[in-house]
Amino acid sequence: MGLPNKNNSPLNSLDKKDLLSIVGILVLALFSRFLLISEPAAILNGDECIQGLMAKHLAEGKSLSLYFYGQAYGFSFLENIFIAASYKLNGFGENSLKMGVFTLWFTGIIFLYLFLRSQSPNKFRGLLVLLILVLALCPSWMSFSTQARAGYVSAFSLTSLSLWWWQSFKFTNLSLLIQALITVLIYESQPLWFLPLIPFQLYYLASLKNWKKGFFYSFMSLLFFAGFALYKTSLNNFWSPEIFRFSQETFSHNLNLLFEKIGQQFSGLYYLGVDREIPGLMKPFIWLYSLVFSASLVYSLIRIIRRKLGFKMDMVYIFSIGLVLLISLFLKSFNTRYLLALMGFSIFPIFQFLSHQNRILARLITWLLVAFVLIAIPIFPEKYYHPEERIHLNENLAIFDSLDNPKAFVMDPLMQWQFIFYSEEKIKCRYHSLNDRYLEYSSAVNSALSNAEPYLLFSRTYRFKKPFEADFQTVDGGYSFILNPERAYLKKNGFEIGD
């Protein structure tokens, strides 16, 4: 990887083979996601439902929010635009939501291909196409490329755009202004993607060799940061968890889990904060990818020590990956999804490593990766979803059919959003807090209590406080509900009740 060639059009190096390659990758990626979203057990988690509702409100012109409802972080507007457009084309629903997110994600794949292709001679095109195919089909991205999770897909696509932008455009003030905005949007989308981008940014800033342009870019970035910070002071900051804990105890605990979590990340088999069991047929991909990735980092270190031509970019790779790993050691809750950036940035050292190896060996390794990832594709959907979760959701939704204007107090911070999304907002729900992420829903439930309208208290059975009220009813799957419980019992179960 070298400094950008600004003398030509950003797209002039592409030819018919490149376009056919991108289309081929798209077709295979779509097929693999079709297998996933057509799985009978497929279900949106609560976070996806929140963003799906945000996009619905955007499509209806009802509200416009830059950030995830109830948060002052998680820039989600870009994802919402794509989802809302998908709703307009295909109607409201989980498949439309997922295809909207996938469209944004594959846009990032295209920019990533353009970025790497702009630095690659034609003799490495085949290798690049295969590696991009591995990335597009790998288990890490299998589900997350269709998940509306407030910033992860936006961060990936914007990062790809940022790198391509640095590589392709002259450093005019307008170009640097746009780059500054992209950089800040990456941070606002997902700071864990912003950190590994910093070494790349510094590399390109150093290439400016013009302190005035460097100052302009830095100043505009700080100005955008300040603008977003000011805007966020006006937001409903309902959910503001502690993400990092900088302590020796956290460091030691996460260090012991690090290699296990990396393997889990490469499997893609985790749902919210729960890691799924990895089947044996998916392990060859994880082992080989981990081996090639490790070898690429060792290769970069050797190039740095020997000060080979282009070793500064090797330093970028090492620091970039190092920042991902370092910050993960201070995560309060070491959820596997926080290592997603590792898969995103790993392609850079791997591409360089393989492009410097014997051509036959490089192709053999890459084709093995393709073969192993193709084996994993049909296995992934049935291991990712649990069939009983979708069955229970459908059964639970049927409980509300007897109510004309269903409202519920739900003792699960994510299940309430599934009820609202899958009922297309016919069911209104709230959690323990008097006011939730989206005030319209919590106000509707509160008004039912005040106006003596019918309402339910719903939860998993084990969460109800004893003694149960007389009309306590159970549902298959370990769920229960009570029709019109007393205020005192709602308070006993942790709900804030207004006057």
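Treat the numbers as computed from the prediction; the structure is a model and nothing was measured.
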Does one side chain, of [X] or [Y], offer a donor that lies under 3.5 Å from an acceptor on the other?
X	Y	value
Ser247	Thr250	yes
Glu453	Asn484	no
Ser346	Tyr289	yes
Ser63	Tyr69	yes
Gln71	Asn237	no

### Message
Between Arg430 and Glu496, does any NZ, NE, NH1 or NH2 come within less than 4.0 Å of an OD or OE carboxylate oxygen?
### Response
no

### Message
Under a 4.0 Å threshold between the charged nitrogen and the carboxylate oxygen, would Glu188 count as salt-bridged to Lys232?
### Response
yes

Within the side chain of [X], is there an N or O that forms a donor-acceptor pair under 3.5 Å with the backbone of [Y]?
X	Y	value
Ser86	Phe82	no
Gln418	Leu44	yes
Gln190	Leu192	yes
Asp476	Glu395	no
Ser32	Leu137	no
Thr233	Leu230	yes
Tyr87	Gly52	yes
Ser296	Phe293	yes
Ser160	Gly108	yes
Ser154	Gly151	no

[X] and [Y]: aromatic ring centres closer than 6.0 Å?
X	Y	answer
Phe200	Phe348	yes
Phe345	Trp193	yes
Phe251	Phe330	yes
Tyr455	Phe409	yes
Phe34	Phe31	no
Phe194	Tyr187	yes

What donor-acceptor contacts under 3.5 angstrom involve side-chain atoms of residues 336-344, with partners at least two apart or in another chain?
unit_1 : atom_1 : unit_2 : atom_2 : d
Thr336 : OG1    : Lys261 : NZ     : 3.3
Thr336 : OG1    : Asp275 : OD1    : 2.7
Thr336 : OG1    : Asp275 : OD2    : 3.4
Arg337 : NE     : Tyr152 : OH     : 3.3

### Message
Does anything in residues 38-49 form a side chain to side chain donor-acceptor pair (under 3.5 Å)? List the pairs, not counting sequence neighbours.
### Response
Asn45-Glu48, Asp47-Arg149, Glu48-Lys98

Minimal non-hydrogen separation, [X] against [Y], with atom names:
X	Y	value
Ala376	Met282	CB-CG, 3.9 Å
Leu181	Phe228	CD1-CE1, 4.4 Å
Phe421	Leu53	CA-CD2, 4.0 Å
Lys428	Val445	O-CG2, 3.5 Å
Ile25	Ala136	CG2-CB, 3.7 Å
Trp417	Gly46	CB-O, 3.7 Å

#### Entry: Cation-pi, Trp141 ring and Arg33 (6.0 angstrom, 45 degrees)
no

### Task
With sequence neighbours excluded, give me every salt bridge (charged side-chain N to carboxylate O under 4.0 Å, His left out) pair touching residues 412-422.
Asp412-Arg463

### Task
Just grab all the salt bridge (charged side-chain N to carboxylate O under 4.0 Å, His left out) pairs involving residues 49-58, residues at least two apart or on different chains.
Lys56-Glu60, Lys56-Glu425

[atom1] ([X]) with more than 12 external heavy atoms under 6.0 Å:
X	atom1	answer
Lys62	NZ	yes
Phe246	CZ	yes
Phe225	CZ	yes
Glu242	CD	yes
Leu272	CG	yes

In the structure I gave you, are the side-chain heavy atoms of [X] and [Y] within less than 4.5 Å of one another anywhere?
X	Y	value
Phe380	Leu36	yes
Phe259	Ser290	no
Met411	Asn493	yes

Kindly assign one of parallel, tilted or perpendicular to the pair [X] and [Y], based on the angle between their ring planes and the thresholds 30° and 60°.
X	Y	value
His432	Phe495	perpendicular
Phe458	Phe400	tilted
Phe472	Phe464	perpendicular

### Non-neighbouring partners of Asp404 that pass side-chain contact (heavy atoms from CB on, under 4.5 Å), sequence neighbours left out
none

From [X] [atom1] over to [Y] [atom2], what is the distance, rounded to the nearest 0.5 angstrom?
X	Y	atom1	atom2	value
Asn95	Ile37	CG	CD1	4.5 Å
Ile243	Lys332	CD1	NZ	9.0 Å
Ile50	Ser76	CD1	OG	10.0 Å
Trp239	Ser433	CH2	OG	9.5 Å
Asn80	Tyr67	CG	OH	13.0 Å
Ser443	Asn435	OG	CG	6.0 Å

### Working for side chain to side chain contact (heavy atoms under 4.5 Å, CB included), residues Leu30 and Phe106
CA-CA 10 Å; Leu30 278 172; Phe106 197 81; over 6 Å; no

#### Entry: Residues forming a salt bridge (Lys or Arg N to Asp or Glu O under 4.0 Å) with Lys491, sequence neighbours excluded
none

### Task
Please determine which of Tyr438, Phe77, Phe92 meets the ring pair (Phe, Tyr, Trp, His ring centres under 6.0 Å) test together with His57.
Tyr438

### Query
Looking at Gln264, Gln265, Arg276, which hits side-chain hydrogen bond (donor to acceptor under 3.5 Å, both in side chains) with Tyr270?
Gln265

